[in-house]
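Everything on this sheet refers to the single structure shown next.
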Amino acid sequence: QVQLVESGGGLVQAGGSLRLSCAASGGTFANYILGWFRQAPGKEREVVTSISRSGGNTYYAASVQGRFTLSRDNAKNTVYLQMNNLKPEDTAVYYCAASRSASYTATRPSTYDYWGQGTQVTVSS
């Protein structure tokens, strides 16, 4: 069992940046792949990015490729999502998720076992 807590969301103008953090407790952090998902009003939850257990491999959705950077610090039990050049279409609640058994290439929300409470990101035009 692992508890995930996101932070760092907020309101920014288009072109701005935010850094989201996901702090984990209650489990062995390095045993989990981590993913970030987002859900906009009226839309399905979708994968944003994911990272392997060691941090050596990452996946990015095409919509964020080149703008977002995912990293993890296993010593601090924390994963970070640096979001640059934000666009209004990035507006959503962002969720941190973890899986003990899946590959980092898993993109389906149902694959992930544990979820944070979400943090709101709003990008104004």
Side-chain angles (χ1 to χ4, degrees):
Q1 201 84 350
V2 62
Q3 184 71 39
L4 305 174
V5 179
E6 304 98 330
S7 62
L11 173 63
V12 298
Q13 290 186 281
S17 298
L18 285 173
R19 188 184 71 167
L20 305 184
S21 298
C22 175
S25 61
T28 303
F29 187 69
N31 287 346
Y32 296 81
I33 62 154
L34 275 298
W36 283 95
F37 293 77
R38 65 187 182 188
Q39 188 165 21
K43 294 185 177 294
E44 295 181 350
R45 190 168 299 187
E46 64 178 5
V47 67
V48 178
T49 181
S50 58
I51 192 166
S52 60
R53 291 167 178 82
S54 68
N57 294 286
T58 51
Y59 163 84
Y60 296 94
S63 59
V64 306
Q65 185 78 243
R67 299 188 297 119
F68 291 10
T69 302
L70 179 63
S71 62
R72 66 189 293 168
D73 187 339
N74 286 350
K76 295 182 177 179
N77 289 357
T78 303
V79 62
Y80 304 96
L81 180 60
Q82 179 67 45
M83 306 187 295
N84 297 326
N85 191 25
L86 284 160
K87 303 176 179 181
E89 50 263 48
D90 296 318
T91 295
V93 176
Y94 282 70
Y95 297 91
C96 179
S99 173
R100 287 179 289 187
S101 59
S103 166
Y104 81 99
T105 59
T107 58
R108 295 170 296 142
S110 61
T111 303
Y112 289 78
D113 304 301
Y114 306 101
W115 294 83
Q117 82 288 350
T119 185
Q120 177 71 47
V121 172
T122 303
V123 184
S124 61
S125 60

Tell me if a side-chain donor or acceptor on Arg53 pairs with a main-chain N or O of Ala30 at a distance below 3.5 Å. no
Measure across Gln120 and Ala92 and return the closest heavy-atom pair with its distance rounded to 0.1 Å. NE2-O, 3.4 Å
Any donor and acceptor pair, going by atom type alone, linking the side chain of Asn77 with main-chain N or O of Gly26 inside 3.5 Å? no
Show your reasoning for whether side-chain contact (heavy atoms from CB on, under 4.5 Å) applies to Ser21 and Lys76. CA-CA 11 Å; Ser21 298; Lys76 295 182 177 179; over 6 Å; no
Taking atom CD of Gln65 as the centre, does the number of heavy atoms from other residues, nucleotides or ligands within less than 6.0 Å exceed 12? yes
Should the ring pair Tyr94 and Phe68 be called parallel, tilted or perpendicular, given that the plane angle runs from 0 to 90° and is split at 30 and 60? tilted
Classify the angle between the aromatic ring planes of Phe37 and Trp115 as parallel (below 30°), tilted (30 to 60°) or perpendicular (above 60°). tilted
State plainly whether one hydrophobic cluster holds both Leu20 and Ile51, where clusters connect Ile, Leu, Val, Met, Phe, Trp and Tyr through side-chain heavy atoms under 4.5 angstrom apart. yes
Could you check whether any side-chain N or O of Tyr60 sits under 3.5 Å from a backbone N or O of Leu70, counting only pairs where one atom can act as donor and the other as acceptor? yes
How long is the straight-line distance from OG1 of Thr119 back to CZ of Arg38, given to the nearest 0.5 Å? 14.0 Å
With a 4.5 Å cut-off on side-chain heavy-atom distances among I, L, V, M, F, W and Y, is there a chain of contacts connecting Val79 to Ile33? no
Side-chain (Arg72) to main-chain (Phe29) donor-acceptor, under 3.5 angstrom: yes
When rounded to the nearest 0.5 angstrom, what is the spacing between OG in Ser25 and CG in Leu4? 8.0 Å
Can you list the steps and then say if Arg100 with Tyr114 is a side-chain hydrogen bond (donor to acceptor under 3.5 Å, both in side chains)? CA-CA 9 Å; Arg100 287 179 289 187; Tyr114 306 101; 2.8 Å; yes
Same hydrophobic cluster for Val64 and Val123, using side-chain heavy-atom links shorter than 4.5 Å among ILVMFWY? yes
So, taking the atom named CG in Asn74 and the one named CG in Leu34, what distance separates them when rounded to the nearest 0.5 Å? 8.5 Å
Is there a donor-acceptor contact under 3.5 Å from the side chain of Glu6 to the main chain of Gln117? yes
How many angstroms lie between atom SG of Cys22 and atom CG of Leu81, to the nearest 0.5 angstrom? 10.5 Å
same_hphob_cluster(Tyr32, Val47) at 4.5 Å side-chain heavy-atom cutoff: no
Look only at the side chain of Tyr112 and the backbone of Trp36, and say whether a donor-acceptor pair between them is shorter than 3.5 Å. no
Please walk me through it: do Met83 and Asp90 pass side-chain contact (heavy atoms from CB on, under 4.5 Å)? CA-CA 10 Å; Met83 306 187 295; Asp90 296 318; over 6 Å; no
Result of checking Glu46, Arg45, Glu44 against Gln39 for side-chain hydrogen bond (donor to acceptor under 3.5 Å, both in side chains): Arg45
Treating Ile, Leu, Val, Met, Phe, Trp and Tyr as nodes and any side-chain heavy-atom pair under 4.5 angstrom as an edge, say whether Tyr80 and Val2 lie in one connected cluster. no
Check for a donor-acceptor pair, side chain of Ser50 on one end and backbone N or O of Tyr104 on the other, with a separation under 3.5 Å. yes
